[in-house]
Every structure is written in C-alpha cells, then in structure tokens.
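Only one structure is covered here, and it is reproduced in the block below.
What you see is a predicted model, and the numbers here were worked out from it, not measured in a lab.
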Amino acid sequence: MYSTSWNEFIGKNSKNLTNAFEDLARFLFRKTYNVPFALPYYKNHPGNETDVIERDGEIIGFQAKYFENEIDANNIIHSIEKAKEWNPNQTKIIIYTNKEFGIPKGSHITRKQQSIQDAAENNGLKIEWMFGDNILDAVKEHPLAYDIFFNLKSHIQDLPHDVEESNDAKFARINGEIVYGDNVFTIDRKDYVKKINEHICNKQNIVIIGESGSGKSAIVKNYYAQAKENIDTVFFVLDGRQLDTSRINDLFALGQNYSFKDFCDYYREFKTKIIYVDSAEKLLEYTGCSVPLLLFDKLRKEGWTFVFTCKANCRKDFLEVISQDYGLHTVIMEVLPISKTELVSFAENYSIVLPHDNKLLVQLCLPFYLARYVELGSNTQMDCSSFRERVWKIKVRGNVRGGVQQKREDCLVDLARQLQMYPKYYVGYSDIKDKDAAYLLMEEDVLTEVMHKGYTFKHDLYSDWALEYVMEQIITGQVKELNYLPHTVDYQNAFLHCLQEKTDDGATRLDSFCKAIFANELDYFWVSPVFYVIAMSKDKSRTFFERFDAQLKRDNYHWFNQFAKELYVSCKEIKEHITYKGRQFPRFIPVGGGWSSVIDFMYRNQEDR
C-alpha cells in the first residue's frame, strides 16, 4: 500500500489539472462499474463527462469537478441540469470533486450541498458524492491510477504518446507512393486492408506473406492509419530484429524505461490490442531465445492479436515455427504482385513506357520495382540485370566522382553487414564509419534516419542487394569465406539468390561448392541453398547425380540422405489451404526436377537397401 495526496496530483499534473482530474474520474468510474476502456465521450460532453451507462435498472452518468478553492455549487447545478436535458432517462449522477464541503451548522449537510441535492432531486436524479479523500482511498486500490495520476517517479501516463511516436517512426520509412514526373500515385490495396480488419475483428492472428517489394508493410501501414483513430484500439510495431534480445523490457523502454509489465497493465482493458512484427522471418534465427516465447505467450493470454509480415521464400519454415514453437494459430494472407494486365493498364494511364524484357516485366508487377523503374525513367531496352545495375549506380553510388561513389557503396555494404551481426533494426550514429556518405544515401531514400538513434534501410531490398554484393565477391573468390559469416536468414537468402543468378547465366560455381561440401569444408548452413538450387533444376539435378555418384553413396548414403531431406523440406509449394475446425492447413505439391533424379538414383541402387 502507498500513500496518496492531492499535492502529488498537483505536482504531476500542474500543466492541466482539470483534464487530468477528468481522466482520473473516468478511470475510477470505469473501474467501479466494470466499463470497457472505450467509454464514449468527446470534448465538452454536455452534462456528463461521457455517455451514460445502465446498471441494475439505473441510468448512470458522472461529472468531474476540480476546484482550486471551494466547491462552486452553481457550476455543479448547471451540469446536473444539462445532464438531464441531454439524457432525459438518466436516474443517477455521480459527482467527483477534489474538495469537500465545510462543517454544516445545525444540519448534517451544508446549505451549499443541500442546494445541489435539491437540484438533482428536482431533475429526477439520485446523487452520489466522491469527495477528495474518497477519491484518494479509491486510488489506493488501483496501482495503475496511482502511477498515472500521482506517482512522480512514473511516466506511464506518456506511454500512449510514446507508443504512437515509436510506431510513426517505424512506419515513416515505408512509402507506398510511386512518383512519375508530376504524378504521385499508389497501388490500390484496399481489399487487403479490408481483409486485415476482418481478421482482427475475428481475433485471428495474421501472417502476411509476399515477395520482397510486394507492399506487405505498406498495406499494414494503411491499416494502422485507420486503426489508430479508434480510442479502444492499441497498435504496437516491432521489427523482427528487435526480438533477438535477452531483456524483454528492452522492447518496451521507448526512452522512458517502461517495462513489459507497465505495457501489459496499461493496455489490459483495451478492446482491440494488436502487435505487429515486421520482417518476422527473423524469428527463424532465434533458436533458444526465450524472449519471443515469453512475449507471445504472455500477450496471447492477455488477448492481443498478432500480425506478422514474412518473405515468401521463408513461408513454410515460418509457419511451422510460429505454430509449433510459439503455439500461435494463424490465418494466411498472401500479397500477390499486380497482374500484367493491371501493369499495362497502369502504364497506359500514366504514359509509362514498359520494357520489352519479359523477366523485368514480371519484376515490375511488384510495387517497389515499379517505383524504381519510373523514378529512373522508362527504357524499353532494359533487362533485369541492367535495371538493377542502373538503380545501384544512381541510388547507391551516385553521380559525384572523386571517390564519393565508392564511399557510398562501402557505407551501404558496411551497414548491411552490421545489421546481420547485432540484434537491432538500425545502426547507431557512432557505428557509422562515413556519416557524409550515410547522409547522401538518406537523401536518395536508400537509408532513413531512426530519430536520435541512427540509420536503417528505407526498404529491405536495398539491404538484400548489399548482402548479395558481398556474396558475389565470395562466390567468385574463396568458398570457405562463407564459414566466417553470421548464420542469418538474410545472408542465406542472398547466397541462394546469387547461386541462382550465377548458375542461370552459365557462369556456374556449383562444382566448387559441391566439392567443398563432400570434403566437409562448408558449414551445413550453406549446404542447404546449394542443394536447393540443384534440386529445383532438372538439368542440374541430373548432372549432379552423374558427376557425384560415388560421393553420394559414401558413409551409408549420408549426403544422398541430406539431399533428399532438402528436397522433401524445400522443393514443394502450397497449392491450397484446407480449413478444419477454424484452422488452416496447407496442401503441398512437389516442385523442381530433383524429385525424378532422386527416384532414379534410388531405383539404380535399390539392392543396397
């Protein structure tokens, strides 16, 4: 138990005592009558502070009256009359006031109090008083009320502002607009926003899956813009990188050292509570980390709904982890690229000349790539490779010579490397080696500033490209250098993409990687992408089994079994989802040429069973 006093209240709320007292009265009224957080009210609500409620046949409202000196009877009488005028069926009014009436002379109540009670009776209202000491006693029963309105050491009253500020800062780096000359336009994603709202209303956790650049985060940002207007809704944004921490309170500090308990206590009675985890595929890296497990378990029990965004190539693994390891049932919402028909129509409306290269056309169906294409200017002769080189040259390296181009490129690659090494979604100012280069990249919308902290990528694809740049050096250099890199999903994806690109254009390095695998010179983390690239291609699979037949049979078919495992785990896609008892279950079909090669190999060696 703790002591409370009106001096504490005045000290903490000196800038606006009246508003603070109204908030305190509303808090106590809700607690007394078990009313949800979203008790409807608006500024200068007539008569009562909020809408009336019904309890046990009574229609009840309340007024909060903070007085600097003595109680003003006329002020209260006016509110009583207004309350009845606006709510003719109201039968009871509760008056919260910080002051008390004086000692009555020859009666049990003062004339001033009697005049107020007469006014209430004349208007058909019962009156109940909550005087200064009554309020202080009530506050002692509610620690949260004490922390919000009286505790000078607590800043929890600022939590909603700090949560909104944190959300806005993270969403600020997400831009769904496409700029072409004097035109600014967006891809219509209203249907996706509507689906999110429907799932949230049904208390369903959502996994939003799509390719990098498909606009997953922009869709959530659009939903957030609507949700934040609801007084009974709280929305909190986390970056997947933040979850790799040993201290759960770090996720909720927000500059004021709030704790996880503070966060849960403050929002416990909100009707709709949403946690959004961006780049949630990062969870695949955090094996053995207890913070995500504790976070999800506690918030699930507190009635929070989870929204995750996940890259399409991590879909299967993520869905297994979120269900089996974290015990969360989810619905899947897939964000698809716009169709070629939509792209052509879009281009015609804005006089955009599309390229002839079909592979690049497919990429332009993703909003990020379309935005970069129109930003650079239409070019019918561009293909995927030249398009990306041009974006890198203009956005990353820039046009200023004299060593600045290399500095910008080095800055970007170094920042991408650091984000793979440490559990943060930004790189602190002090860790930026070339602040001038970082500032120039920020001007190009490649980087964005995390206020008072550092820099991060404006879009994940710039980070992906930077890591692929690192991988290209390794693929054309020493294979064993892979073993010195952190085992992160982003690095693995970059390695996979580079392998696909290099083997597709004929400049194959697969042989050298396979030899390193069979010589046990490569960490298994990097074996998986090599086997995947082989297994997805009929020609590569056939060549692989012909060339390395002896190696695949060694040690009781060890490496064959590893290849078959990768084939089974990764070389299949979801054809549809089957709903059973309110849950979605995927139905898979096999993909890739590796299946026939594995079957042929098993048939040839069936005598070794």
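Thr309 and Asp278 share a side-chain donor-acceptor pair at under 3.5 Å. Under the 3.5 Å distance criterion, with hydrogens and angles disregarded, no donor-acceptor pair is assigned to the side chains of Asp460 and Ser463. Side chain to side chain, Asn197 and Tyr192 fail the donor-acceptor criterion of an N or O pair below 3.5 Å. Looking at Gln562 and Tyr524, their side chains do bring a donor and an acceptor atom within 3.5 Å of each other. Side chain to side chain, Lys221 and Asn167 fail the donor-acceptor criterion of an N or O pair below 3.5 Å. Side chains of Ser339 and Glu342: a donor-acceptor N/O pair is present below 3.5 angstrom, by distance only.
The line from CD1 of Ile332 to CG of Asn205 is 12.5 Å long, rounded to the nearest 0.5 Å. Atom-to-atom distance recorded for Ile338:CD1 and Ile187:CD1 is 4.5 Å, nearest 0.5 angstrom. With rounding to the nearest 0.5 angstrom, the CD1 atom of Ile275 is 5.0 Å from the CG atom of Leu299. Interatomic distance, CE of Met382 versus CG of Leu364, reported as 8.0 Å (0.5 Å rounding). For the atom pair CE (Met421) and CG (Leu485), the distance works out to 10.0 Å, reported to the nearest 0.5 Å. Atom CD of residue Glu281 and atom CD1 of residue Ile209 lie 10.5 Å apart, to the nearest 0.5 angstrom.
For Asp239, the salt bridge (charged side-chain N to carboxylate O under 4.0 Å, His left out) test picks out Arg173, Arg241, with sequence neighbours left out. With sequence neighbours excluded, the residues forming a side chain to side chain donor-acceptor pair (under 3.5 Å) with Glu566 are Ser528, Ser570, listed by chain and number. Considering only residues two or more places apart in sequence or on other chains, Tyr369 meets the ring pair (Phe, Tyr, Trp, His ring centres under 6.0 Å) condition with none of them. Considering only residues two or more places apart in sequence or on other chains, Gln256 meets the side chain to side chain donor-acceptor pair (under 3.5 Å) condition with none of them. For Tyr267, there are no side chain to side chain donor-acceptor pair (under 3.5 Å) partners two or more places apart in sequence or in a different chain. Remark: Glu334 engages Arg315 in a salt bridge (charged side-chain N to carboxylate O under 4.0 Å, His left out) (not counting sequence neighbours). Not counting sequence neighbours, Asp434 has no partner by the salt bridge (charged side-chain N to carboxylate O under 4.0 Å, His left out) test. Taking Asn493 as the reference, Asn313, Cys314, Val489 meet the side-chain contact (heavy atoms from CB on, under 4.5 Å) condition, with sequence neighbours excluded. Among residues two or more places apart in sequence or in another chain, the salt bridge (charged side-chain N to carboxylate O under 4.0 Å, His left out) test is passed with Glu573 by none. Under the side chain to side chain donor-acceptor pair (under 3.5 Å) criterion, Glu198 pairs with no residue at all, not counting sequence neighbours. Partners of Gln420 under the side-chain contact (heavy atoms from CB on, under 4.5 Å) rule, at least two apart in sequence or in another chain, are Lys282, Leu467, Thr488, Asp490, Tyr491.
Between Lys316 and Phe588 there is a side-chain heavy-atom pair separated by less than 4.5 Å. Using a 4.5 Å heavy-atom threshold, the side chains of Val291 and Leu251 count as touching. Looking at heavy atoms from C-beta onward, Leu243 lies out of side-chain contact with Cys289 at the 4.5 angstrom threshold. For the pair Tyr223 and Lys195, the minimum side-chain heavy-atom distance is 4.5 Å or more. Counting only heavy atoms from C-beta outward, the side chains of Phe495 and Val530 approach each other to under 4.5 Å. Looking only at side-chain heavy atoms (C-beta outward), Phe513 and Trp526 stay at 4.5 Å or farther from each other. Between Phe457 and Leu415 there is a side-chain heavy-atom pair separated by less than 4.5 Å. Glu211 is not listed as a side-chain neighbour of Lys311, based on a closest heavy-atom distance of 4.5 Å or more.
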side-chain contact (heavy atoms from CB on, under 4.5 Å) between Val307 and Ile208, worked out: CA-CA 7 Å; Val307 178; Ile208 302 174; 3.9 Å; yes
Salt bridge (Lys or Arg N to Asp or Glu O under 4.0 Å) between Glu443 and Lys395, worked out: CA-CA 9 Å; Glu443 285 194 322; Lys395 302 286 285 184; over 6 Å; no
Leu441/Cys411 under side-chain contact (heavy atoms from CB on, under 4.5 Å): CA gap, chis, key distance, verdict: CA-CA 9 Å; Leu441 289 168; Cys411 176; 4.2 Å; yes
Tyr224 vs Glu229, side-chain hydrogen bond (donor to acceptor under 3.5 Å, both in side chains): CA-CA, chis, key distance, verdict: CA-CA 9 Å; Tyr224 169 69; Glu229 299 301 320; over 6 Å; no
Verdict with reasoning, Tyr462 to Phe368, per ring-ring contact (aromatic ring centres under 6.0 Å, His included): CA-CA 11 Å; Tyr462 288 122; Phe368 174 85; 5.4 Å; yes
Full working for side-chain contact (heavy atoms from CB on, under 4.5 Å) between Asp511 and Arg547: CA-CA 9 Å; Asp511 269 10; Arg547 189 167 298 174; 2.4 Å; yes
Intermediate values then yes/no, side-chain contact (heavy atoms from CB on, under 4.5 Å), Val184 and Ile178: CA-CA 6 Å; Val184 179; Ile178 298 175; over 6 Å; no
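Between Phe308 and Tyr326, the ring centre distance reaches or exceeds 6.0 Å. With ring centers used as reference points, Tyr426 lies 6.0 Å or more from Tyr455. Phe346 and Phe185 have their aromatic ring centers within a separation under 6.0 angstrom.
Judged by the 6.0 Å distance and 45° axis criteria, Lys170 is positioned over the aromatic ring of Tyr425.
Ion pairing between Asp191 and Lys194 fails under the 4.0 Å rule for side-chain N and carboxylate O.
A donor-acceptor pair under 3.5 Å links the side-chain atoms of Ser386 to the main chain of Asp383, judged by distance alone. With hydrogens and angles disregarded, a donor-acceptor distance shorter than 3.5 Å links the side chain of Asn249 to the backbone of Phe260.
More than 12 heavy atoms of other residues, nucleotides or ligands sit less than 6.0 Å from atom NZ of Lys572.
Residue pairs meeting the salt bridge (charged side-chain N to carboxylate O under 4.0 Å, His left out) criterion with at least one partner in residues 408-419, sequence neighbours excluded, are Arg397-Glu409, Asp414-Lys433.
Just one of Phe252, Tyr258, Phe270 meets the ring pair (Phe, Tyr, Trp, His ring centres under 6.0 Å) condition when paired with Phe263; it is Phe252. No option in Phe518, Phe531, Tyr532 other than Phe531 meets the ring pair (Phe, Tyr, Trp, His ring centres under 6.0 Å) test with Phe563.
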